[in-house]
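Shown next, in C-alpha cells, is the structure this report addresses.
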Amino acid sequence: MLTIQAQRPNQGYFSRCYYFLMFTKKWGLVLIRRTGKTLSIICSALQWVYDRRQQDKSKVQSPHHSTDDAHIGSDDEPDWLRNFVPNKDNLTQEKKINKKFGFGGCDRRRNRKESCKDLFSRDLEEEDCNKRGENKSSRKKNDGVELSDDEFLLDEYESEEEGALGGGKSKRKAGGVSISSSSDEEGEKDGSDGEEEEEEKAFKIYFCSRTHSQLSQFIKELRKTLFSNEINVVCLGSRKNFCINEEVLKLGSSVRVNERCLELQKNKKKNEVSKIKNFSAEGRIRRTKASSGCPMLRKHKLQKEFRTETSQHGALDIEDLVRIGRSIGTCPYYGSRSMVPAADLVVLPYQSLLSKSSRESLGLNLKNSIIVIDEAHNLADSLISMYDAKITSSQLESVHSHIEKYFTRFRNILGPGNRRYIQTLMVLTRAFLQTLDNKKDLSNVNNCQAEEIAADTKAVCDTSIAINDFLFSLNIDNINLVKLLQYIKESNLVHKVSGYGEKVASLQEGLALDHNGGCGEEGSTLSSFRALVDMLTSLTNNDGDGRMIISKMRSTCSGLLGGFLKYVMLTGEKIFSEIVDEAHAVILAGGTLQPIEETRERLFPWLPPNQLHFFSCSHIVPPESILPIAVSRGPSGQSFDFSYNSRSSLVMVEELGLLLCNLVAFVPEGIVVFFSSFEYEGQVYDAWKKSGILERIMRKKRIFREPRSNSDVELILKEYKETIDGLSRGTKDGVRHNGAVLLAVVGGKISEGINFSDGMGRCIVMVGLPYPSPSDVELMERVKYIESLGEPNCGKRPEISVGEHYYNGDAQTAFSILRSCKRRGKEYYENLCMKAVNQSIGRAIRHINDYAAILLVDMRYASDSSKRSFSHPTNKLPLWIKDRLVSATNNYGEVHRLLHHFFKYNKKRECQ
C-alpha cells in the first residue's frame with residue numbers, strides 16, 4: 001500500500017497514476033482520494049494509452065520488425081506487453097473464417113450494435129434471437145390482417161434429456177430455423193445501410209460514476225484538456241435520459257420507457273410494414289432495417305450522420321448528444337452505443353459497467369482496458385445492490401393469473417415440454433404467493449385493531465431466511481431452476497403469455513390497453529414477468545451468497561398492504577473479480593475511501609498485497625479557506641443531541657432553529673443544511689413553521705427544500721443558484737434577501753455528486769449523525785455477513801443472531817446483533833454513517849479559491865482530541881477536515897466569533 005502526500009495534487013496524481021499503469025502487469029488496483037483526482041487520473045491514463053499506441057505503432061513500422069508471430073511475442077519483452085500487440089494477420093484471417101462459416105464476427109457485431117436489448121432486464125436480452133422461431137401464424141402480421149390466438153402459441157420445446165439423442169441440447173422446433181440465425185443478422189449481411197464494422201480500439205478507457213450529473217461534470221472537466229479534441233469520446237446513459245421520442249417520454253418512469261422502446265422495435269404497425277426487397281440468389285426474402293417501429297430509427301443513414309456529427313465536436317455529454325440527435329432526427333441512445341467500438345474513452349454510469357447483463361447487452365469489451373471508477377466510496381454496496389431481486393405480491397398475482405389463463409386456453413395443443421414447464425411456473429408462483437399470505441393470521445383481527453398494531457406487527461411480518469431454507473420450506477427444492485430459466489429465455493414465453501393476456505383484456509374491456517399493460521411500474525405485465533425471472537435467477541446463487549427477505553401482507557384500516565419477496569446479495573467478491581480479471585488496471589477514486597480495509601475484504605480479498613496500491617494527497621485549498629467546527633451547544637445554551645430518542649423533542653428542534661436564525665444573519669450567500677431523512681426534515685420544517693422560526697429565517701434568506709422526486713431536484717437547484725447569483729439584482733417578493741438556505745437530506749440526490757462551489761455552499765450544516773435504521777432487515781444481514789469476513793468459515797452466518805433461526809426486523813434484536821459484533825460488523829455500521837457525512841460535507845470547496853465553513857451539529861462530534869477513541873466519529877472524517885477541526889468550544893458565542901472572523905477574512909481576501 002502506497003501513501004503519498006503532495007502539495008500539488010495534479011502533478012502528484014499524474015506521475016503516480018502513470019507509473020502505476022506503466023508497471024502494472026495484467027491487472028491491479030489503485031485507490032485515490034481528494035481534490036483534483038478525476039482530471040489527473042484521466043489525463044495520465046490517456047497519456048499512457050497514447051504512448052502505448054505510439055510504441056506499438058513504431059514497432060510495426062520498424063525496419064527490423066518482422067511479421068513472424070514468434071518475433072511479435074519474443075522473449076525479450078514482458079508477457080503483459082506481448083499481450084497488447086495485436087496480430088492483424090490473425091484477426092483478418094479470423095474474420096474471413098467467421099464470415100465463411102457465419103459465426104464469430106456477427107456475434108460480436110450483434111453484441112455491440114444490436115438495438116433491441118434492454119440494459120436492465122436479463123430475460124429480454126435475447127429476445128431478438130427469439131424472433132427466429134416465429135411460427136407461420138405470427139408471420140401473417142405483415143399482411144395487416146387481424147391476428148388470431150395462434151400467434152401466441154409456443155413452438156414445440158424439447159428439454160436437454162428429451163433431445164439427448166439429437167445432440168443433448170435444448171431446442172425449439174421452429175420450421176428448421178437454426179438458433180444462430182436472427183432477423184438482425186440478416187439485416188447486417190444485407191448491408192442495406194452500407195455500414196462497415198468498426199475495428200475495436202485497443203487500450204480502451206472506461207470511466208464510470210454514480211449519476212448522470214457527475215458524468216456531465218467529468219465531460220466539462222475533460223474539455224479543459226488537450227485530449228478533448230484528440231480522442232474519440234462517447235458518453236452512455238439510460239434510455240430515459242437519451243430518448244427524444246416524445247410519445248415514449250410521456251410514459252415517465254425508466255421501466256416503462258425501456259419497455260416501450262423495445263416494444264417499438266418488435267412491433268410493426270400497419271403503416272410501418274417493412275418493404276420487401278433484395279431477393280438473394282436462393283430466393284430468400286430479406287427485410288430492410290427500416291422496419292423499426294420507432295420513428296427515430298427508421299432511417300439508419302441518419303445514425304451514420306449522427307456519428308459523423310458528434311465526432312467533429314470533441315467530448316460531448318448526454319445533453320449535447322440529445323441536442324444533436326434532435327437536430328438530425330435520429331435516436332441518440334443507439335447512436336452513442338454504436339460509437340463504442342471506435343471510442344478511446346467510454347463514459348458511462350455504474351449500472352452499465354458493473355452489471356454483467358448490461359455489459360453483455362452493450363457489447364463492452366473489458367479485455368486489457370483501463371477502468372476508472374469515480375465516487376467509489378460506496379462501491380461495494382452499489383455493486384451488490386445491482387444483483388438484488390424483488391417481486392411484490394401484486395406482481396406475483398399478475399404473473400400467475402396470466403400464466404393460468406394462457407395454460408387454460410392452449411393446454412390441449414401445447415407440446416409436453418411446454419406443458420411441463422408452464423405447470424412448474426404455476427407451482428412456483430403459487431408457492432410464493434402462499435408464503436406471503438398473512439390472511440390467516442389476521443382473520444380474527446378487524447381492520448381498526450390491525451391499524452393499531454401495524455407498527456408492532458411490521459417487524460414480525462418481515463423475516464430473513466437462507467436460500468436453501470426458503471426452497472425447502474416451500475417444498476420446491478426439487479425444481480431445476482437453471483433449466484426452467486433456460487426454457488423461459490429460449491421459448492419466448494414471457495412475450496407470448498403477456499401478449500395473449502393483454503389481447504384478452506383489451507377485448508373484454510372493449511378498448512386497447514396502454515403500452516404498459518397497466519398503471520405504474522408494478523402494473524406492467526412485462527415488469528412483473530421480469531421481476532419473477534430475476535428472482536428465479538437469484539435463487540440459483542450459492543446458499544451463502546445472499547438472503548431472502550419475506551415481507552408478508554399486512555392488514556390496515558385502508559385495506560390489505562401487499563407483501564414482497566426480496567433477494568439480498570451479500571457478496572460482491574465474485575462479481576468484481578469478473579471485471580478485474582479482464583482489465584489491465586482498475587482505479588478506484590474517491591474523497592472518502594478510507595477505511596480501505598473494509599472495501600478490500602468485501603471486493604478483492606484474493607488480491608495480493610503487492611498489487612493493491614493506495615495513495616492520497618492533501619486538499620488543494622489552504623487551511624484558512626476551511627473552518628470545520630463541532631457545535632455542541634446552541635444559542636440558548638442547550639446541548640445538541642440528535643440521537644434517535646432525543647431528536648424529535650420540541651426543545652431540540654427549536655434550538656436548531658435558533659442556530660439557523662443566527663447563521664442567516666451574517667453567513668453570506670448560500671447555506672446547505674443536511675438532515676438524516678426526509679421524514680425528519682419534514683418534521684423540523686413543520687415545527688419551525690408553527691413556532692414562527694421559519695418566518696424569521698425567511699426575512700434574511702429564501703428557503704428551498706430538496707424534493708423526494710429526483711426529477712424535480714434540477715429545478716430546485718436552478719432556483720437556488722439563481723437566488724444566490726441574483727443578490728445584486730434587487731428583491732424577491734418585496735423582501736431583500738442576502739442569499740438562500742437549502743434543506744437537504746443525507747443520501748438524497750443533492751448529497752451525491754452535486755457541487756456547491758463558491759456562493760452555493762458557504763456554510764454546510766450537518767444535523768446529527770445519520771446512522772441507518774437498525775430495524776432494516778437487509779442492513780442487519782449485511783452487518784452479520786461482514787462480521788464473518790476473514791473468519792475460517794467466511795460467508796457463514798456468525799453466532800450473533802441471539803439464537804434465532806429466522807431474523808426479523810425487531811429493533812431490540814438488531815441492537816443485540818450490533819453489540820455482539822466484535823469488529824467488522826460494527827465498523828461497517830459506523831462507516832455507513834460517516835461516509836454519508838463525509839459525502840455530504842464534501843459538496844463544498846470545489847476549487848483552490850473556494851472557501852466554506854462546516855458545522856457538525858451534535859455533542860457527539862465534540863471531544864477532547866487527546867481522549868478520542870478510534871471509533872469516535874471525528875476520527876473517520878477526511879484528513880483535510882480532521883486536521884483543521886475545532887472539536888471543542890465552551891459555548892455558542894465562541895462558535896459565532898470564529899465564524900464571523902472566518903467570513904470577514906475570506907471576504908476581504910476575495911476582494912483583493
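Basis for what follows: all heavy atoms, side chains included, without hydrogens, waters or symmetry-related copies.
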- Note on the structure: Asp381 meets the salt bridge (charged side-chain N to carboxylate O under 4.0 Å, His left out) criterion, sequence neighbours left out, with Arg602
- State, to 0.1 Å, how close Lys240 and Ser254 come at their nearest heavy-atom pair, and which atoms those are. CD-OG, 3.5 Å
- Is there a donor-acceptor pair closer than 3.5 Å between any side-chain N or O of Trp688 and the backbone N or O of Val653? yes
- Message: Between the side chains of Lys822 and Glu787, is the shortest nitrogen-to-carboxylate-oxygen separation below 4.0 Å, so that they form an ion pair?
- Response: no
- Could you go through the side chain to side chain donor-acceptor pair (under 3.5 Å) check for Gln214 and Asp374 one step at a time? CA-CA 9 Å; Gln214 289 170 346; Asp374 199 13; over 6 Å; no
- Item | Cation over ring face, Arg647 and Tyr680, 6.0 Å, 45° | yes
- Got Glu654 and Ser691 here, is their nearest side-chain heavy-atom distance under 4.5 Å? yes
- Would you verify whether the NZ or CZ of Arg782 falls within 45 degrees of the ring axis of Tyr828 while also being under 6.0 Å from that six-membered ring's centre? no
- Got a salt bridge between Lys721 and Asp725, using NZ or NE/NH1/NH2 to carboxylate O under 4.0 Å? yes
- Task: Would you give the length of the straight line joining atom NE2 of His377 to atom CG of Asn831, rounded to the nearest 0.5 angstrom?
- Result: 12.5 Å
- So do the side chains of Arg210 and Pro349 get within less than 4.5 Å of each other, counting heavy atoms only? no
- Item | Contact check, side chains of Tyr829 and Leu818, non-hydrogen atoms, under 4.5 Å | yes
- Message: Salt bridge check, Lys749 against Glu714: does any charged N sit closer than 4.0 Å to a carboxylate O?
- Response: yes
- Query: Going through the checks in order, is the side chain to side chain donor-acceptor pair (under 3.5 Å) test met by Ser238 and Asn241?
  - Reply: CA-CA 5 Å; Ser238 65; Asn241 286 89; 2.6 Å; yes
- Item | Arg547 and Glu781 ion-paired at < 4.0 Å | yes
- Query: Between Glu910 and Arg762, is there a salt bridge with N-O shorter than 4.0 Å?
  - Reply: yes
Could you give the side-chain donor-acceptor pairs of residues 891-904 under 3.5 Å, partners two or more places apart or in another chain?
from: Asn891; atom 1: OD1; to: Gly893; atom 2: N; distance (Å): 3.1
from: Asn891; atom 1: OD1; to: Glu894; atom 2: N; distance (Å): 3.0
from: Glu894; atom 1: OE1; to: Asn890; atom 2: N; distance (Å): 3.1

